Amino acid sequence: MVSVPAPSAPAAPLSRPILAGVVTALVGFTSSFAVVLTGLSAVGATPEQAASGLLAVSLSMGLACVVLAWRYRMPITVAWSTPGAALLAATGIVDGGWSAAVGAFLVTAALILLTALWPALGTLIAHIPPSIAQAMLAGVLLPLCLAPITGLVANPWGVIPVVITWLVFARLAPRWAVPLAFVAAAVVVAVSLVQESTAVDAGLLVPRIELTAPTFTVGALVGLALPLFIVTMASQNVPGIAIMRSFGYEVPWRPAMLVTGVGTALGATAGGHAINLAAISAALAASPDADPDPRRRWVAGVSTGVSYLVLGGFSAAFAALVLLAPEAVIPAVAGLALFAAFGSSVQQAIDDPGERIPAVVTFLVAASGVTALGVSAAFWALVAGLLVRTALHVGRR
């Protein structure tokens with residue numbers, strides 16, 4: 001229920017929250033779709049399967065926004081798991097390949113649903129020290145965040161315009177810095193296609209669903225599903241609830257987890273990795289900028305969902321842009337999109353001096369990318385961090 005009192009000022013035009021929702025979707029989509037495609041490709045998806053995954057998460061999060069905002073009359077917005085996509089990129093191909101990754105997506109959906117039905121699971125996740133969870137995320141993000149730097153060496157003429165655009169607008173209009181960096185990347189791709197006289201196959205621009213039968217392997221379940229669930233909960237759902245609360249909205253936890261869990265399950269076999277409550281972009285629809293009257297901001301949530309559905313129709317075109325891009329250009333955009341998340345994770349990981357050493361160990365193991373017993377580094381990072389933390393804290397009061 002909204003706890004903010006209604007203002008006495010004249011009502012703003014309905015176009016205002018509608019536009020706020022459109023902006024929320026545009027910023028959320030263009031800021032991180034490259035991360036999603038990078039992550040899906042890393043775990044074995046073909047270009048067609050990655051495009052299908054982008055379409056699946058676009059449609060599922062769009063429908064989830066509409067359902068939650070309409071039903072609860074709150075500006076509840078849903079997003080794909082950007083940290084989860086970064087985790088996929090860092091994990092790489094798991095035991096069983098792409099079909100096992102799809103199986104891991106389904107298990108992640110089941111865990112999200114179980115969180116709604118069995119609150120003790122959410123409590124268990126909450127007991128993972130934030131420093132450990134954030135250090136794992138920072139380690140996962142590090143290789144992706146290095147892409148703009150390595151790209152400047154590998155393809156300077158392609159990457160420099162992207163980085164300069166990002167830097168200029170990070171100063172002038174931070175909200176639009178990454179979307180406009182993507183626009184710069186699109187221009188680079190267009191110029192490259194013209195210079196090389198490359199014809200674009202029209203079939204690449206048609207959105208389609210590619211279904212994959214899931215398989216289940218221990219490596220994928222432990223090394224992908226479990227870390228994906230943890231980063232989605234710790235880095236998206238929990239902060240998303242807190243951000244909404246800061247604007248006076250108490251998001252219903254169980255229905256939100258049920259809707260996002262079902263949405264994740266429906267999109268999994270089409271290649272969608274996970275959807276969750278929006279965190280960073282949540283403020284765009286829930287703040288007074290969307291509408292002075294907090295009772296009307298739910299319109300922004302519905303508008304966000306409808307906009308995501310429309311953007312989903314262009315998912316194949318976005319995927320084609322990535323496929324046709326010159327070397328290092330799109331990875332540079334993906335890395336720039338994750339700079340803020342990386343900085344926030346590092347800060348939270350080392351903020352408490354007493355937790356710093358376990359956090360550093362967690363970060364280094366996650367960043368190493370090592371795989372042992374068929375299980376990815378993200379899982380071993382959690383194990384190592386918790387073991388070191390236990391060893392350093394045992395016997396202390």
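None of the values given here were measured: they were computed from a predicted structure.
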If we only count heavy atoms from C-beta on, is the [X] to [Y] side-chain gap below 4.5 Å?
X: H273; Y: V57; answer: yes
X: R356; Y: S131; answer: no
X: W98; Y: L40; answer: yes
X: F229; Y: T115; answer: yes
X: N155; Y: V329; answer: yes
X: N276; Y: S81; answer: yes
X: E355; Y: P130; answer: no
X: V66; Y: Y308; answer: no

Using modelled atom types only, decide if a donor and an acceptor are shared between the side chain of [X] and the backbone of [Y] within a distance under 3.5 Å.
X: S32; Y: V35; result: no
X: S192; Y: V188; result: no
X: T217; Y: D95; result: yes
X: S52; Y: E210; result: yes
X: S303; Y: A300; result: no
X: R16; Y: D289; result: yes
X: T232; Y: L228; result: yes

Minimum heavy-atom distance between [X] and [Y], given as atom pair plus value:
X: A359; Y: A135; value: O-CB, 3.2 Å
X: A104; Y: A220; value: CB-O, 3.8 Å
X: S315; Y: L54; value: O-CD2, 3.7 Å
X: A366; Y: V140; value: CB-N, 4.1 Å
X: A325; Y: I330; value: CB-CG1, 3.4 Å
X: T260; Y: A256; value: OG1-O, 2.8 Å

Pairs touching residues 322-357 that satisfy ring pair (Phe, Tyr, Trp, His ring centres under 6.0 Å), sequence neighbours left out
W166-F339
Atom [atom1] of [X] and atom [atom2] of [Y]: how far apart are they, to the nearest 0.5 Å?
X: L321; Y: F33; atom1: CG; atom2: CZ; value: 6.0 Å
X: I243; Y: S287; atom1: CD1; atom2: OG; value: 11.5 Å
X: M136; Y: L141; atom1: CE; atom2: CG; value: 9.5 Å
X: L19; Y: L26; atom1: CG; atom2: CG; value: 9.0 Å
X: M233; Y: L277; atom1: CE; atom2: CG; value: 9.0 Å
X: C65; Y: W70; atom1: SG; atom2: CH2; value: 14.5 Å

Side-chain heavy atoms under 4.5 angstrom apart, residues restricted to Ile, Leu, Val, Met, Phe, Trp, Tyr: same cluster for [X] and [Y]?
X: V218; Y: I230; value: yes
X: L172; Y: L284; value: yes
X: L114; Y: I275; value: yes
X: L55; Y: L311; value: no
X: L226; Y: L87; value: yes

Side chain to side chain contact (heavy atoms under 4.5 Å, CB included) between S41 and Q49, worked out
CA-CA 8 Å; S41 299; Q49 290 166 335; over 6 Å; no
Carefully, step by step, assess T77 and T304 under the rule side-chain hydrogen bond (donor to acceptor under 3.5 Å, both in side chains).
CA-CA 7 Å; T77 51; T304 300; 5.9 Å; no
CH2 of W176: more than 12 outside heavy atoms within 6.0 angstrom?
yes
Report, as yes or no, whether the 6.0 Å neighbourhood of atom CZ on F314 holds more than 12 heavy atoms from other residues, nucleotides or ligands.
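No, CZ of F314 has 12 or fewer neighbouring heavy atoms, counting only those of other groups under 6.0 Å.
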For F182 and F29, I'd like to know if the aromatic rings sit close, meaning centre-to-centre distance below 6.0 Å.
no
Can you spot which of V383, I132, V388 makes a side chain to side chain contact (heavy atoms under 4.5 Å, CB included) with T362?
I132
The single option from I112, L113, L106 passing side chain to side chain contact (heavy atoms under 4.5 Å, CB included) against T264:
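For T264, the side chain to side chain contact (heavy atoms under 4.5 Å, CB included) test succeeds with only one of I112, L113, L106, which is I112.
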Give the intermediate values and the outcome of side chain to side chain contact (heavy atoms under 4.5 Å, CB included) for residues L152 and I160.
CA-CA 6 Å; L152 287 171; I160 285 175; 3.7 Å; yes
Residues two or more places apart in sequence or in another chain: which of them pass salt bridge (charged side-chain N to carboxylate O under 4.0 Å, His left out) with R296?
D291
